[in-house]
Amino acid sequence: QTRDALSLMRCQSVRPGEIKYSQGTVIRAVREGFPAQAAVLSALLAREGVAGFEQPLEGKSGFYALYAGGQFAPEDLLGGLGENYWIDALTFKRWPSCRGTHAFIEMALASGIGTSGGAADDIAEIEVGIDAIQRMLCEPLPRKQAPQTAIDAKFSIPFTLALAFTRGRVGLDDFDATSLSDPAVLALAAKVKPVLAEGMDWGGCGGRLTIRLKDGREIAAAQDDALGCPARPLGEAALVEKFLDCAARAQVPPCDAAGLAEAILSLETCGDVGAVF
C-alpha cells in the first residue's frame, strides 16, 4: 500500500514515465484527474487572494529551470497570446484506446476483414509498421499480445488490431474480462509482427499495415494520421454518439444527456454557462 501510495503521489506532482512499464497499474485511467483537480484548487485559491511567485515559469528556480535546464523560448509562450488557441489543434479519439493504436484500428476496419471482406481466420500474419513512440504499444510483445488488464489492452496495438479484425469494432465493452481471455482475439493478436519503420515519424499517430492471408494474398495500407485529428475531424454526429455512450455509463443520477451535449456544443451562444453545469 505504501508503494501504491508513492506511485499515486508521483502522479500528482510530476508525470512519471514508469507508468509505461508497470503491467498491473490502472493509474492511467485517473492520471489526468490529478492535475485537473490541482488546477481547479489553485484557481480557487488564487481567486481568494493567495499570492504565488513573481516568476513561476521563467524564474531562477521556476518551471523551466527545474524541467528544462532553464531553456525555453519566450515567443512560444507569448506569441499570439489571446489570439491563437491550442484547442483548435485538439484531437478527438474515435476509439477508447491509446491514440497510437487508432491508425491501425482504422486501417483494419477499412480492410473489411471480419465483416464483408473475409474472415479473421484467413489471416496468416499482420505486419505493423510503427514509429519510435509506438514501440511502447508493442513491447514487450508477449505482454502486448496477451494483456492482463483493460488499460494495458488499450495500450496495445496487437490486441486492439485483433479486436478490430475479429469483432469489426473497438468499443468500451471490448476490454472486459471476457475479451481479455477471448481465444479468437488472442490467437489473432499473436499473429501481429511489429516492425520499426526507419525514418518515419508519425508522432505516434500514423502507421503502415500489411495483412498476409493464408492463400498468399497481401493487403497493404498506410495512414499518416488517424481519424479525429483537425485535418480529419470526426464530425459533430460522431462526437455526440460517443458522448451519449459514455454518459450512459456514468454512475450519476439520470440527466438529459442529449440536451447536455447540445448545450456544450453551443457554449459560444450560451447566456449562462453556469446553468449548463
Side-chain angles (χ1 to χ4, degrees), residues 1-93 96-102 130-140 143 149 151-152 154-156 196 199-206 225-226 228-231 264 267-268 273-274 276-277:
Q1 289 177 329
T2 300
R3 183 194 66 191
D4 292 339
L6 286 169
S7 302
L8 289 160
M9 179 276 294
R10 286 200 63 205
C11 287
Q12 296 180 66
S13 57
V14 295
R15 189 176 180 221
E18 186 61 26
I19 204 166
K20 295 185 293 186
Y21 309 109
S22 297
Q23 181 174 1
T25 185
V26 295
I27 294 179
R28 279 188 187 276
V30 297
R31 178 183 61 182
E32 282 72 19
F34 287 130
Q37 182 184 47
V40 172
L41 177 59
S42 299
L44 293 173
L45 290 169
R47 186 182 67 180
E48 297 302 316
V50 177
F53 311 130
E54 282 75 21
Q55 294 182 309
L57 298 178
E58 72 275 30
K60 293 180 180 180
S61 294
F63 179 85
Y64 288 103
L66 180 61
Y67 291 107
Q71 301 299 309
F72 72 99
E75 61 272 16
D76 282 348
L77 298 177
L78 303 176
L81 186 64
E83 300 172 0
N84 299 326
Y85 298 92
W86 284 108
I87 196 171
D88 290 335
L90 189 65
T91 287
F92 289 91
K93 295 169 67 174
S97 57
C98 176
R99 174 69 177 169
T101 67
H102 285 204
I130 60 174
D131 64 13
I133 295 177
Q134 291 162 321
R135 291 179 66 174
M136 63 172 283
L137 305 176
C138 298
E139 298 176 356
R143 166 183 154 188
T149 63
I151 199 68
D152 206 29
K154 293 177 180 181
F155 281 75
S156 165
L196 185 63
M200 299 303 297
D201 181 12
W202 292 293
C205 297
D225 204 348
C229 64
I264 292 172
L267 282 178
E268 292 182 353
V273 175
V276 175
F277 295 94

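For clarity, every value in this text was computed on a predicted model and none was experimentally measured. FYI, the numbering just counts along the sequence from 1.
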Of all heavy-atom pairs between Leu77 and Leu81, which one has the smallest distance, and what is that distance?
O-CD1, 4.1 Å
How long is the gap from CZ on Arg31 to OG on Ser7, to the nearest 0.5 Å?
13.5 Å
Hey, what do you get for CD1 (Ile151) to OG1 (Thr25), rounding to the nearest 0.5 Å?
8.5 Å
Using the side chain to side chain donor-acceptor pair (under 3.5 Å) criterion, which residues pair with Arg10? Sequence neighbours excluded.
none
What verdict does the side-chain contact (heavy atoms from CB on, under 4.5 Å) test give for Leu137 and Ile130, after you've listed the backbone C-alpha separation in whole Å, the side-chain angles of each residue and the deciding distance to 0.1 Å?
CA-CA 9 Å; Leu137 305 176; Ile130 60 174; over 6 Å; no
How close do Thr91 and Cys229 get, heavy atom to heavy atom, and via which atoms?
OG1-CA, 3.5 Å
Closest heavy-atom contact between Ala65 and Gly59?
CB-O, 3.9 Å
Can you tell me if CD on Glu75 sees more than 12 non-hydrogen neighbours from other groups inside 6.0 Å?
yes
How long is the straight-line distance from OG of Ser156 back to CE of Met136, given to the nearest 0.5 Å?
11.0 Å
For Tyr67, all residues meeting ring-ring contact (aromatic ring centres under 6.0 Å, His included), sequence neighbours excluded
Phe63
Pairs of donor and acceptor atoms involving the side chains of residues 34-58, under 3.5 Å and at least two apart or interchain, shall be tabulated with distances.
residue: Ser42; atom: OG; partner: Ala38; partner atom: O; Å: 2.8

Between atom CZ of Arg135 and atom CD1 of Ile133, what is the distance when rounded to the nearest 0.5 Å?
12.0 Å
Main chain of Ala226, side chain of Arg99: is a donor-acceptor contact present, judged purely on distance under 3.5 Å?
yes
Any donor-acceptor pair under 3.5 Å from Asp201 side chain to Asp131 backbone:
no
Is a side-chain donor or acceptor of His102 paired with a backbone partner of Ser97 at a separation under 3.5 angstrom?
yes
Does the pair Ile19 and Phe155 meet the rule for a side-chain contact (heavy atoms from CB on, under 4.5 Å), with working shown?
CA-CA 11 Å; Ile19 204 166; Phe155 281 75; over 6 Å; no
Rounded to the nearest 0.5 angstrom, the OG1-CG distance for Thr149 and Asp152 is 4.5 Å
